[in-house]
Participant: 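Would you mind keeping the following structure in view while I ask a few things?
Excluded from the calculations below are hydrogen atoms, water molecules and symmetry mates; all remaining heavy atoms, backbone and side chain alike, are included. All ligand and atom numbering here is 1-based and tracks the order in the structure.
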Amino acid sequence: MLSVKEAESIVLNLAQPLDSQRDVETVDLLAASGRILAAPVTGSLDFPYWDNSAMDGYAVRFADVENCSAEKPIALDIVEDIPAGYQPQHTVQSGQAARIFTGAVMPAGADTVVMQEETRREGDRIFILVSPEKPQAFVRHKGAFYQAGTTLLTPGTVINAPEMAVLATAQCIQVPVYRRLRVAIFSTGDELVSPDEPLAPGKLVDSNQYALTVLLAQMGFEPIRLGIVPDNEDALNKVISRAVATADVVLSTGGVSVGDYDYVEKILADLGGKVHISSVAIKPGKPLTVAAFKRGEKNDDSPSLSSDCLYFGLPGNPVSALVCCWRFVVPALRKISGLGEDAWGPEFVRVRCQAELRSHGRRETYVWGKLHLVAGVWEFEPASGSQNSANLINLANTSGLAVLPASETWIWPGEFVEVLKVSH
Ligand SMILES: Nc1nc2c(c(=O)[nH]1)N[C@H]1C(S)=C(S)[C@@H](COP(=O)(O)OP(=O)(O)OC[C@H]3O[C@@H](n4cnc5c(N)ncnc54)[C@H](O)[C@@H]3O)O[C@H]1N2
Ligand code: MOO
Ligand SMILES: [Mg+2]
C-alpha cells in the first residue's frame with residue numbers, strides 16, 4: 001500500500017496548473033474578489049502619486065526653521081491654505097509657509113512639514129516652536145512606495161482585501177484572473193437518499209455531497225452536483241463519462257473498497273482512465289482511488305476545459321471522504337487553480353496535545369479535533385466520542401487533524417504532534 005507521502009506526490013504530479021493563456025478571463029475590479037491573478041499587474045502611476053504631507057501642519061523651507069526653538073521661535077507668513085485634493089497655486093519663498101493638511105499636495109518651494117502641535121498661530125503668521133528633525137520631515141514622496149512600470153502583483157496571488165486596495169489604487173479596473181475550476185461531485189450508493197426525502201428502512205442520507213459542495217464553494221471553486229448514483233455499472237458508467245467530459249476534476253464518494261457493489265475503479269479503467277492510486281496507508285481513508293483521464297488537446301466541444309481530468313474516488317464513510325479531501329484533494333485543486341506553490345498546502349502546525357491520542361500503528365492516522373490558543377501556545381483537543389470514520393456527528397467544529405505517523409501508537413497528553421489545519 002502507498003504511504004501518505006507517496007500518494008501525495010503522485011497526486012501533485014497529476015495535478016497540472018491551468019494554462020496562463022487559455023484559462024484566463026478578465027473581470028471587473030470587485031468581481032476579482034477571491035480570484036487568482038493569472039498575469040502580472042503593472043501600474044502606470046507612481047505611488048504616492050504626488051509629494052504630499054503626512055501631517056496636519058505647515059509646509060516650510062527647512063533652511064528657514066532648522067535653528068528655531070520654543071524660546072527662539074521663527075515667524076513665517078502664511079501664503080495659502082492647501083486642503084487634501086487641492087492643487088497649490090503658490091511657491092513658498094524664504095520667510096513663508098503654507099497651511100497644509102494630511103494627504104494634501106506639497107507646494108513648490110517647501111521641502112518640510114511641521115506638525116500643527118509644534119506651532120503657534122497668530123493671524124496670518126505662524127510661529128515654528130520646534131525645529132524639524134531633518135529636511136523632508138513628514139513629506140511622503142511621489143513614487144516612494146511604488147514606481148510606475150514595475151510589477152505590483154505577481155501571478156498566483158489571491159485577490160483579498162489588501163490586494164484589492166492595491167489594484168484600486170493603481171486604477172487597475174480590469175483584472176486578469178484564472179477561470180474558476182469546475183469540480184463535479186456525486187455520491188454512489190443504493191442506500192442513499194437526499195436530506196429532503198423520506199427515510200425508508202435501511203436507507204441513509206447522502207451527507208457527503210453536501211459537505212463536499214460547501215468545501216469547494218467556500219474555496220472559490222465551481223461545484224457541479226450530479227446527484228446520487230445507484231450501485232449499478234450502467235448508471236455509474238453514464239455519470240462518470242458525463243462528469244469526466246464536463247469538469248476539470250471529479251469527486252465521487254463510495255464504491256471504492258472491495259465489496260461486491262464497489263464498481264468505481266473498474267468503471268474508471270473501462271472508460272480509459274489510468275488508475276494511479278487504489279489505496280493509501282491512511283486512517284481513515286484507505287480505499288482512496290485516483291485516476292487521470294487524458295482529453296487530448298482542447299476541442300470546440302469543451303473549449304473551457306483543461307486537457308486532463310483528475311478523478312478522485314473518495315471512500316464513502318463521511319469522515320474518510322473529508323479527510324482524503326483535506327489531505328489530498330484540496331492541495332491538488334489549489335495547484336490546478338493557479339495558486340503559487342507556497343499556497344498549495346496542506347498546512348501543518350506543531351502543537352501540544354491536550355489529551356492522549358491512540359492508533360493501531362499500521363496506517364498514518366488522522367485524529368480530528370480542535371485547535372486552541374492557550375496562553376500563547378497552540379494546543380490540540382481531540383473530538384470527544386468515537387473516532388470512527390462513520391461518525392460524522394463529532395466532526396462538527398473540527399479545525400485540525402492530528403497526525404500519528406504509521407509506527408506511532410500512543411501520544412501522551414503534553415506531547416507535541418503535527419496538526420493539519422483544515423479549511424472551512
Ligand atoms: N473487507 C473490507 N471492507 C472494507 C474495507 C476493507 O479494507 N476491507 N475498507 C473499509 C474502509 S476503511 C472504508 S473507508 C470503506 C469504504 O467503502 P467504499 O468507499 O466502498 O464506500 P461504500 O461501501 O459505498 O460506503 C461506506 C460507508 O459509507 C456510507 N456512505 C456512502 N456514501 C455516503 C454518502 N454520500 N453520505 C453518507 N454516507 C455515505 C455507506 O452507507 C457505508 O456505511 O469500506 C470499508 N470496508
Ligand atoms: O479507513 Mo476507512 O477510511 O476506516 O473509514
Ligand atoms: Mg464499499
Participant: List ligand 1 atoms under 4.0 Å from T253, heavy atoms only on the residue side.
Facilitator: 35 (N)
Participant: Which atoms of ligand 1 are found less than 4.0 Å from any heavy atom of G255?
Facilitator: 18 (P), 19 (O), 20 (O), 21 (O), 22 (P), 24 (O)
Participant: Any idea which atoms of ligand 2 are less than 4.0 Å away from a heavy-atom of N317?
Facilitator: 5 (O)
Participant: If you measure from atom 3 (O) of ligand 2 to every heavy atom of C324, G285, S389, which option wins on shortest distance?
Facilitator: G285
Participant: Regarding E25 and R35, does a basic nitrogen lie under 4.0 Å from an acidic carboxylate oxygen?
Facilitator: yes
Participant: For atom 4 (C) of ligand 1, what is the nearest protein heavy atom, given as residue, atom name and distance?
Facilitator: S257 OG, 3.4 Å
Participant: For the OH atom on Y261, are there more than 12 heavy atoms of other groups (residues, nucleotides or ligands in this structure) within a distance under 6.0 Å?
Facilitator: no
Participant: Side chain, backbone, both or neither: which part of D262 has a heavy atom under 4.0 Å from ligand 1?
Facilitator: side chain
Participant: Can you confirm whether W50 is buried at CH2, in the sense that more than 12 heavy atoms of other residues, nucleotides or ligands lie under 6.0 Å from that atom?
Facilitator: no
Participant: Which atoms of ligand 1 sit under 4.0 Å from any heavy atom of S187?
Facilitator: 35 (N)
Participant: Using only heavy-atom distances, determine whether the side chains of D56 and T102 contain a donor-acceptor pair under 3.5 Å.
Facilitator: yes
Participant: List every atom of ligand 1 that sits less than 4.0 Å from any heavy atom of V258, numbering the atoms from 1 in the order shown and giving each element.
Facilitator: 1 (N), 2 (C), 8 (N)
Participant: Quick one: do D270 and K266 make a salt bridge, cutoff under 4.0 Å?
Facilitator: yes
Participant: Which of the numbered atoms in ligand 1 are below 4.0 angstrom from a heavy atom of K286?
Facilitator: 6 (C), 7 (O)
Participant: Within a distance under 4.0 Å of any heavy atom of K286, pick out the atoms of ligand 2 and give their elements.
Facilitator: 1 (O), 3 (O)
Participant: For ligand 1, does N317 get within less than 4.0 Å through its side chain, its backbone, both, or neither, judged by non-hydrogen atoms?
Facilitator: both
Participant: Out of curiosity, S252 OG to L226 CG, how far, rounded to the nearest 0.5 Å?
Facilitator: 10.5 Å
Participant: So is K283 polar-close to ligand 2, meaning N/O to N/O under 3.5 Å?
Facilitator: no
Participant: Taking non-hydrogen atoms only, is S207 closer than 4.0 angstrom to ligand 1 via side chain, backbone, both or neither?
Facilitator: both
Participant: In the protein, which heavy atom is nearest to atom 19 (O) of ligand 1, and how far is it?
Facilitator: G316 N, 2.9 Å
Participant: With backbone taken as N, CA, C and O and side chain as the heavy atoms from C-beta onward, which portion of P284 lies under 4.0 Å from ligand 2: side chain, backbone, both, or neither?
Facilitator: both
Participant: Answer yes or no: is there an ion pair linking R179 with D248, defined by an N-O contact shorter than 4.0 Å?
Facilitator: yes
